[in-house]
Amino acid sequence: MSANETTPTPTPASNFILQLIDEHNANGKFAGRVATRFPPEPNGYLHIGHAKSICLNFGIAKKYGGTCNLRFDDTNPSKEEQEYVDSIMDDVRWVGFQWDGLYYASDYFEQIYQWAIVLVKKGKAFVCDQTPDQVRETRGTPNRAGENSPFRDRSVEENLKLFEGMKAGEFADGSRTLRAKIDMGHANINLRDPILYRILRAHHHRTGDKWCIYPMYDWAHGQCDSIEQITHSICTLEFEHHRPLYDWFIRELGIYAPQQIEFSRLNLTYTVMSKRKLLTLVKEKHLSGWDDPRMPTISGLRRRGYTPEAIRAFCERIGVSKYEGTIEMAWLEDALRADLNKKAERRLAVLRPIKVVIDNYPEGQVEELDAVNNPEDPAAGMRKVPFSRVLYIERDDFREDAPKGFFRLAPGKEVRLRWAYFVKCNEVVKDASGNITELRCTYDPATKGGNSPDGRKVKGTIHWVSAKHAIPSEVRLYDHLCKVAFPDEVPEGQDFTVNLNPTSLEVVTAMLEPSLKDVAIGTKVQFERLGYFSVDKDSAPGKLVFNRAVTLADTWAKMEKKGK
RNA sequence: UGGGGUAUAGUGUAACGGUAGCACAGCAGUCUCUGAAUCUGCUUGUCUAGGUUCGAAUCCUAGUACCCCAGCCA
């Protein structure tokens with residue numbers, strides 16, 4: 001990359017996978033070719049951990065001028081659905097990548113079947129009639145060798161006949177398997193005569209009812225990689241001790257050999273990441289679905305208000321290694337703030353309104369005041385905001401007994417209303433039970449626009465909305481999915497659901513400035529001093545719904561919390 | 001009593017025998033019509049014990065801790 005070339009992202013950090021690829025390119029192992037693949041099983045929605053893998057695999061292809069395929073690992077029809085296939089393609093594209101080839105493991109079922117026959121003929125695979133229980137019992141344990149299946153020594157002819165019978169549907173589900181003949185005493189359990197095919201009559205989302213035997217992951221994955229001429233087959237750490245088996249199959253078949261490389265999966269604080277747990281959340285209706293904005297799914301993050309740029313920057317920043325750590329959620333949030341700070345236009349919105357009457361402002365008068373759309377982006381321009389006698393301000397921005405260091409409104413204190421005037425609070429109106437219902441203030445007409453000609457300073461600037469121009473809107477305030485950083489750490493007999501955050505969603509009716517009236521679904525804005533918000537798909541004409549994607553850093557809240 | 005992995009600030013990640021760097025978090029300050037952003041500075045680290053070496057995060061030896069593996073799941 002030339003020095004004067006301008007790229008949006010800095011040179012990515014070096015990592016062990018890139019170093020290995022550099023070595024391969026240097027020693028000619030793959031003739032300088034780089035081909036990766038992203039191989040999801042379509043049994044659930046993609047999450048931020050998959051985004052890490054997507055960025056890695058597609059990123060490598062891009063960096064080296066190679067290719068990256070999207071390949072669905074659809075070898076278990078009992079769990080896989082077209083809905084998931086569709087969502088996965090959407091998500092990969094949304095994250096920002098386009099695959100070179102689109103494939104399915106099921107595209108290769110015939111070839112994989114033929115290869116199984118090759119193995120049988122070599123005497124390296126046999127049909128086993130053991131029941132699932134017997135298979136388990138004779139597999140041994142990590143500390144105890146397994147025992148050979150009594151069917152291990154069947155003749156090649158008998159195996160061939162039986163295996164054909166399996167394929168032809170002559171046997172009941174689960175009654176037989178095809179197993180590799182390796183070593184029941186091997187220290188690596190994966191090499192103790194692993195099952196290659198099981199009989200399973202399930203409708204496959206692509207092949208329909210054509211097959212009643214399906215290859216296991218180990219028997220399919222490497223061969224798919226080989227067919228696609230993948231150079232670097234990148235997967236997560238739990239597959240590390242499958243690598244000897246991956247290599248064994250390729251070697252016995254004498255076919256092209258990709259290099260499997262394992263890295264550690266992403267863990268994040270305050271959420272859960274396993275598909276099983278995410279499925280639990282959806283099925284047990286702890287939240288609204290796979291794309292609930294509290295989900296760490298890509299579709300959830302998208303709905304929440306995350307941008308592809310933020311996701312990619314995050315994935316870049318966290319790096320790649322074999323160390324199994326947990327990344328702080330603050331990293332993800334920071335990536336979003338950094339991106340939206342540059343892009344999102346600012347608006348005034350009051351989440352928890354309290355009424356303010358400007359006593360000395362003429363009844364019926366309305367002024368259109370100038371407001372900057374985005375101080376970080378002059379090109380974003382200006383807009384008008386209406387000001388009138390009755391306003392709403394944030395409840396948090398008023399204190400009857402202002403603590404030390406409180407810059408906002410309080411009896412007798414003056415603050416600036418953003419883009420408008422200096423106002424001073426003179427009176428607090430309460431209802432019978434003592435709740436504040438209204439504040440009576442006066443404004444200084446000389447401070448129009450927010451500056452005082454006499455050079456007088458105010459410490460605080462607060463946001464506001466003109467009451468009669470305000471658009472009431474539903475705003476969903478999201479917080480962490482889980483109330484603790486490590487939700488999987490639970491007492492005996494309990495599961496992660498006990499750590500779900502009961503206040504992860506608070507819904508308020510906010511008052512918005514009128515320029516937001518026709519904002520489109522998916523639009524991101526900063527509500528000044530509050531956070532970044534995204535227009536939810538539940539919005540309808542005349543009924544806006546916003547999601548809070550992330551709050552702004554809040555020094556005052558931190559100070560107050562510390563003070564207590 | 002098996003096999004496969006991993007250990008660098010609070011959290012991640014570099015450094016590949018030669019000044020332990022970066023980011024996020026935290027703290028202090030600056031700036032500010034957002035208590036945001038910006039900008040400045042600061043605190044905190046090589047799992048342990050030996051050894052080799054002028055010099056070790058890096059090499060050697062011995063430990064320790066943690067993760068994964070006994071689905072006809074992927």
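Below, read A as the first sequence line, B as the second, and so on, with proteins coming before strands; counting in each chain starts at 1.
OP1 or OP2 of B:U13 sits under 4.0 Å from a side-chain N or O of A:Ser321. Within the 4.0 Å cut-off from OP1 or OP2 of B:U6, not a single side-chain nitrogen or oxygen of A:Ser264 is found. Of the side-chain N and O atoms in A:Arg276, none sit less than 4.0 angstrom from OP1 or OP2 of B:C73. OP1 or OP2 of B:C73 sits under 4.0 Å from a side-chain N or O of A:Arg198. Listed pair A:Arg144 / B:G3 fails the phosphate criterion, with no side-chain N or O lying under 4.0 Å from OP1 or OP2. Remark: A:Lys562 is in phosphate contact with B:C27, judged by side-chain N or O atoms under 4.0 Å from OP1 or OP2.
Listed candidates were B:A74, B:C27, B:G35. Nearest to the side chain of A:Thr461 is B:G35. Side chain of A:Arg408, nearest nucleotide from B:A36, B:C72, B:G35: B:G35. Which of B:A36, B:G35, B:C72 sits closest to the side chain of A:Phe407 comes down to B:G35. In the set B:G35, B:C72, B:A36, B:C72 carries the atom at the smallest distance from any side-chain atom of A:Val135. Nearest nucleotide to the side chain of A:Arg346, out of B:G12, B:U34, B:G35: B:U34. Minimum atom distance to the side chain of A:Glu240 is reached by B:G5, of the listed B:G5, B:A36, B:A74.
Taking atom C1' on both nucleotides, B:G2 is separated from B:A70 by 11 Å, rounded to a whole Å. Across B:G5 and B:C60, the matching P atoms stand 15 Å from one another, rounded to whole Å. Comparing the same atom, P, in B:G50 and in B:G55 gives a spacing of 16 Å after rounding to whole Å. Here, B:U11 and B:U43 have their C1' atoms 16 Å apart, quoted to the whole Å. Spacing of P atoms, B:A23 relative to B:G41, comes out at 11 Å, to the nearest Å. Atom C1' of B:G35 sits at a distance of 15 Å from the matching atom of B:G29, rounded to the whole Å. Separating the P atom of B:G18 from that of B:A28 is a span of 39 Å, rounded to the nearest Å. Taking atom C1' on both B:A57 and B:U46, the two are 5 Å apart, rounded to the nearest angstrom.
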Reading nucleotides 64-69 of chain B 5' to 3', which nucleotides get B (base under 4.0 Å from a protein heavy atom), which S (sugar-phosphate only), which -?
---SSS

Per-nt protein contacts along nucleotides 16-25 of chain B (heavy atom under 4.0 Å; B base, S backbone sugar-phosphate only, - none) come out as B------BBS

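A:Asp183 places its CG atom 14 Å from the P atom of B:G3, with the value rounded to the nearest Å. In this structure, A:Leu46 atom CG and B:A74 atom P are separated by 17 Å, rounded to whole Å. Spacing between atom CD1 of A:Ile234 and atom C1' of B:A74 amounts to 18 Å, rounded to whole angstrom units. In this structure, A:Lys459 atom NZ and B:A36 atom P are separated by 13 Å, rounded to whole Å. Atom pair A:Leu245:CG and B:A74:C1' shows a separation of 14 Å (rounding to whole Å applied). In this structure, A:Glu394 atom CD and B:U34 atom C1' are separated by 13 Å, rounded to whole Å. What separates CD of A:Glu262 from P of B:G5 is a distance of 9 Å, to the nearest Å. When the P atom of B:G71 is taken as reference, atom CG of A:Leu196 falls 17 Å away, rounded to whole Å.
Cation-pi geometry between A:Arg176 and A:Phe171 is met: the NZ or CZ atom falls under 6.0 Å from the ring centre, inside 45° of the normal. A cation-pi arrangement, defined by a distance under 6.0 Å to the six-membered ring centre and an angle within 45 degrees of its axis, is absent between A:Arg347 and A:Phe527.
Under the 3.5 Å distance criterion, with hydrogens and angles disregarded, a donor-acceptor pair is assigned to the side chains of A:Asn76 and A:Ser78. Between A:Tyr45 and A:Glu83, the side chains place a donor N or O and an acceptor N or O closer than 3.5 Å (distance only, hydrogens not considered). Under the 3.5 Å distance criterion, with hydrogens and angles disregarded, a donor-acceptor pair is assigned to the side chains of A:Glu394 and A:His463. With 3.5 Å as the limit, one finds no donor-acceptor pair spanning the side chains of A:Glu345 and A:Asn374. With hydrogens and angles left out, the side-chain atoms of A:Asn57 and A:Ser53 include a donor and acceptor closer than 3.5 Å.
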What dot-bracket string describes RNA chain B from 5' to 3', counting Watson-Crick and G-U wobble pairs whose defining distances are under 3.5 Å, with [ ] for crossing pairs and | for pairs to another strand?
.((((((..((((....[..)))).((((.........))))....(((((..]....))))))))))).....

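In B:G55 the base sits anti relative to the sugar, since the glycosidic angle is further than 90° from 0.
Each of A:Lys424, A:Arg408, A:Arg456 was scored for a salt bridge (charged side-chain N to carboxylate O under 4.0 Å, His left out) with A:Glu414, with one residue passing: A:Arg456.
Here the two rings, on A:Trp464 and A:Phe387, have centers that are under 6.0 Å apart. Ring-centre distance between A:Phe239 and A:Tyr246: not below the 6.0 Å cut-off. Taking the six-membered ring for Trp and the full ring otherwise, the centers of A:Phe406 and A:Trp556 sit less than 6.0 Å from each other.
Each of A:Thr141 and A:Thr75 has a nearest nucleotide on RNA chain B; the 5'-most of these lies closest to A:Thr141.
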Sequence neighbours left out, cut at 3.5 Å: what donor-acceptor pairs do the side chains of residues 190-197 of chain A make with other protein atoms?
from	atom 1	to	atom 2	distance (Å)
A:Asn190	OD1	A:His241	ND1	2.9
A:Arg192	NE	A:Arg139	O	3.0
A:Arg192	NH1	A:His186	O	2.5
A:Arg192	NH2	A:Arg139	O	3.1
A:Arg192	NH2	A:Thr141	O	2.7
A:Arg192	NH2	A:Arg144	O	2.9
A:Asp193	OD1	A:Arg152	NH2	3.2
A:Asp193	OD1	A:Ile182	N	2.7
A:Asp193	OD1	A:Asp183	N	3.4
A:Asp193	OD2	A:Arg152	NE	2.7
A:Tyr197	OH	A:Tyr113	N	3.2

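Within 4.0 Å (heavy atoms only), A:Glu137 reaches no atom of the nucleic acid at all. At the heavy-atom level, A:Pro375 lies under 4.0 Å from base atoms of the strands shown.
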Give me the distances for all protein-to-nucleotides 38-42 of chain B N/O pairs that come in under 3.5 Å?
none

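Residue pairs satisfying the side chain to side chain donor-acceptor pair (under 3.5 Å) criterion with at least one member in residues 325-334 of chain A, sequence neighbours excluded, are listed as follows: A:Arg317-A:Asp334, A:Glu333-A:His480.
Atom NZ of residue A:Lys52 and atom CG of residue A:Leu268 lie 10.0 Å apart, to the nearest 0.5 angstrom.
A salt bridge links A:Arg529 with A:Asp397: the distance from a Lys NZ or Arg NE/NH1/NH2 to an Asp or Glu carboxylate oxygen falls below 4.0 Å.
Under a 3.5 Å cut-off, the side chain of A:Ser87 and the backbone N or O of A:Tyr84 do form a donor-acceptor pair.
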Walk me through whether A:Cys212 and A:Lys167 qualify under side-chain contact (heavy atoms from CB on, under 4.5 Å).
CA-CA 6 Å; A:Cys212 65; A:Lys167 187 199 178 199; 6.0 Å; no

